[in-house]
Amino acid sequence: MSYQESKSLTNIFSTIIITGIYALIVYRRYLNGTVDTTDVFKFWAITILIFIPVSIVVRIIIMIFFSIGTSVVQTVKGEEAGVMEIVDERDKLIELKATRISLITFSFGFIIALITQAANMNDHLFFITLIVFGVITEIVSELSTIIYYRKGV
Amino acid sequence: MKKLLINNNVRKLRFQNNEMTQKDLSVKVGVSRQTIVAIEKGQYSPTLELCFKLAIVFNKTIDEIFFIESNEKENDKITS
């Protein structure tokens, strides 16, 4: 498995783990009644605003460990270090294609979220749909990256 | 028009050039080794810039490195 494929897999797992744990924490607080849910928009604004920096910091930590792990494996195998730093035209093309796929996926999720509002469903469902499709978008994007690296562009 | 099947002689030319390794070639043209692997397998069609770089390294013209896989019917359509 190449460096890029391993990186994509790490991103998938980190997305699932970070979002899953955070969702569990928020849900427990919601069940305990420690959060004010009378104002739905305020509740979700606070939840998402906390999630963004937490997610970034945890991802950075995971990527640091991933880079250290990759370097150790390369050293053990006797490969030349610095392979991970090269981003060439093929990488950029694959990234572009994956970004296009992720945009389409998230747009689809946004439309579904709007439908929940048009159909007079619970306001919470709008934000939950957006977050779920955010995770799905990330997974689809990374999976498409792996497929492009394996099957070719 | 159908997608053209482009193949190449990169692997052959590497061996003709003092059995150059994929790593050596990737360093000379400034891409990753995985990209050279993908080009040799026909999984990636490089940009014109990279084609020229390969041509310079091998001291060949681009059409000596890259060629269209024989599909006579399709080629006739293109040329006509």
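Note on naming: letters A, B, ... go to the chains in the order of the sequence lines (proteins, then strands), and numbering restarts at 1 for each one.
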Near A:R59 CZ, under 6.0 Å, is it more than 12 heavy atoms from other residues, nucleotides or ligands?
yes
Distance-only polar pair, side chains of B:T47 and A:E89, donor-acceptor under 3.5 Å
yes
Other residues, nucleotides and ligands only: do more than 12 of their heavy atoms fall within 6.0 Å of CD on B:E64?
yes
Nearest heavy-atom pair of A:K151 and B:Q43: which atoms, and what distance?
O-CG, 3.9 Å
Let me check something: do A:F110 and A:L103 share a hydrophobic cluster, defined by ILVMFWY side-chain heavy atoms less than 4.5 Å apart, either directly or through other members?
no
Roughly how far, to the nearest 0.5 Å, is the OG atom of B:S26 from the CD1 atom of A:I86?
6.0 Å
For the CD atom on A:E5, are there more than 12 heavy atoms of other groups (residues, nucleotides or ligands in this structure) within a distance under 6.0 Å?
yes
